[in-house]
Amino acid sequence: MEQGAARERAAEGTSVRFGDPAPGPYAPGGGAGPGAGPARVPEQARGEHTHGESPLAGDGPRTVRRHSVRGQILDALRTALVAGELRPGEVYSAPALGERFGVSATPVREAMQRLAVEGAVEVVPNRGFRVVVRTARELAELAEVRALIEVPVMLRLARTVPAARWAALRPFAEATGAAAARGDRAHYAETDRAFHREVLALAGNEQLLVIADDLHRRSQWPLLSAPALRHADLVADAAEHSALLDALAAQDLPVVESLVREHFTGANG
């Protein structure tokens, strides 16, 4: 107990970095899990308070810094889900993942419970958490609901927002293109959500942002039997962001509607 609490206190204000395998157990039973795990062991950072890096900045490895250990772990687990490092149908224990991240099991368990509320995992008594196996029908339903919500909003924004406001969102579209060009699916998911949040924020409805972001995140979890995402598909999906900004600035409503609907059923939605 004291050792676990000490690890957790030491991790406050540290960073969880994605991508490099780290030694230690990952899957239940202490063995190395698929892909050798989603995160590096946290590195010590100076100072008690740290700040998150923008998902739009830089081309190198991403570092998520949060004062809350649970926040760090939740971000890392979400990224691992999108990247396919936490595999659908597999069961992962909080203690094993805690060893992987270099923290106690408590923040991992709390983060996993949040993912259970979001529908990404389900609790397996006395074992841990199983990553939910998704279906193509579920993805289609999510795309339909997103279209029902976002298409009318986009059309209203196209009629009312000045062209200069859309030009200010170009860096967000360019960030998705940069992530897609690198073939970085996890970073693309982050920048894709950031782009959509910035567009929808112009509607001035906070509840819309919360609901739309939740639906968007759920649509990014991969299917068990999904084929490997082609690089060209990811690049094409990112290019739709710039095309959408062009159509919004031009107030071309038919093109706006067509692009939004097609985008929801594309490589990453």
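Fair warning: this is a prediction, and the values are worked out from it, not measured in the lab.
For the pair Val199 and Leu169, the minimum side-chain heavy-atom distance is below 4.5 Å. Using a 4.5 Å heavy-atom cutoff, the side chains of Ser242 and Arg170 are in contact. Counting heavy atoms from C-beta outward, Ile211 and Leu215 have side chains that approach closer than 4.5 Å. At least one side-chain heavy atom of Leu86 sits under 4.5 Å from a side-chain heavy atom of Tyr92. With contacts defined as side-chain heavy-atom distances shorter than 4.5 Å, the pair Trp166/Asp246 does not qualify.
How far CG of Leu244 is from CG of Asp252: 11.0 Å, rounded to the nearest 0.5 Å. The line from CD of Glu150 to NE2 of His263 is 9.0 Å long, rounded to the nearest 0.5 Å. Interatomic distance, Gln113 CD to Arg70 CZ, rounded to the nearest 0.5 Å: 9.0 Å. His241 NE2 to Leu259 CG: the interatomic distance, rounded to the nearest 0.5 Å, is 10.5 Å. Summarising the geometry, atom CD belonging to Glu240 is positioned 10.5 Å from atom CZ belonging to Phe264; distances are rounded to the nearest 0.5 Å. Within the model, atoms CZ of Arg193 and CG of Asp213 stand 6.0 Å from one another, a figure rounded to the nearest 0.5 Å.
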Q: Start with the C-alpha gap between Ser68 and Gln72, add the side-chain angles, then the distance that decides, and say whether side-chain hydrogen bond (donor to acceptor under 3.5 Å, both in side chains) holds.
A: CA-CA 6 Å; Ser68 165; Gln72 290 189 68; over 6 Å; no

Q: For Val91 and Phe129, run side-chain contact (heavy atoms from CB on, under 4.5 Å): C-alpha distance rounded to whole Å, both residues' side-chain angles, the deciding distance at 0.1 Å, then the answer.
A: CA-CA 5 Å; Val91 177; Phe129 300 85; over 6 Å; no

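Nearest heavy-atom pair across Val108 and Ser104 is CG2-O, 3.9 Å. For the pair His187 and Asp184, the tightest heavy-atom approach, listed with the atom from each and the gap, is N-OD1, 3.1 Å. The shortest non-hydrogen separation linking Leu81 to Ala120 is CD1-CB, 3.7 Å. Heavy-atom minimum distance, Ala158 versus Leu253: CB-CD2, 3.5 Å. A pairwise comparison of heavy atoms in Ala201 and Leu209 identifies N-CD2, 3.6 Å as the closest pair. Summarising the geometry of His216 relative to Ser219, their closest heavy-atom pair is O-OG, 2.6 Å, with the distance given to 0.1 Å.
Between Asp192 and Arg197, no side-chain nitrogen of the basic residue sits less than 4.0 Å from a carboxylate oxygen of the acidic one, so the salt-bridge criterion is not met. Between Glu118 and Arg78, at least one side-chain N (NZ, or NE/NH1/NH2) sits under 4.0 Å from a carboxylate O, which counts as a salt bridge. A salt bridge does not link Arg114 to Glu110: none of the charged nitrogens lies less than 4.0 Å from a carboxylate oxygen.
Using a distance-only test at 3.5 Å, with no hydrogens or angles considered, no donor-acceptor pair links the side chain of Arg100 to the main chain of Pro95. Put simply, the side chain of Arg130 never gets that close to the backbone of Val123: no donor and acceptor are under 3.5 Å apart.
With Leu77 as reference, Leu115 is the one residue of Leu115, Val82, Val131 to meet the side chain to side chain contact (heavy atoms under 4.5 Å, CB included) rule.
The cluster map of Ile, Leu, Val, Met, Phe, Trp and Tyr, joined by side-chain heavy atoms under 4.5 Å apart, puts Met112 and Val132 in different clusters. In the hydrophobic clustering of ILVMFWY residues, with side-chain heavy atoms under 4.5 Å counting as a link, Val151 and Leu157 come out together.
The number of heavy-atom neighbours closer than 6.0 Å to CZ of Arg165, taken from other residues, nucleotides and ligands shown, is 12 or below.
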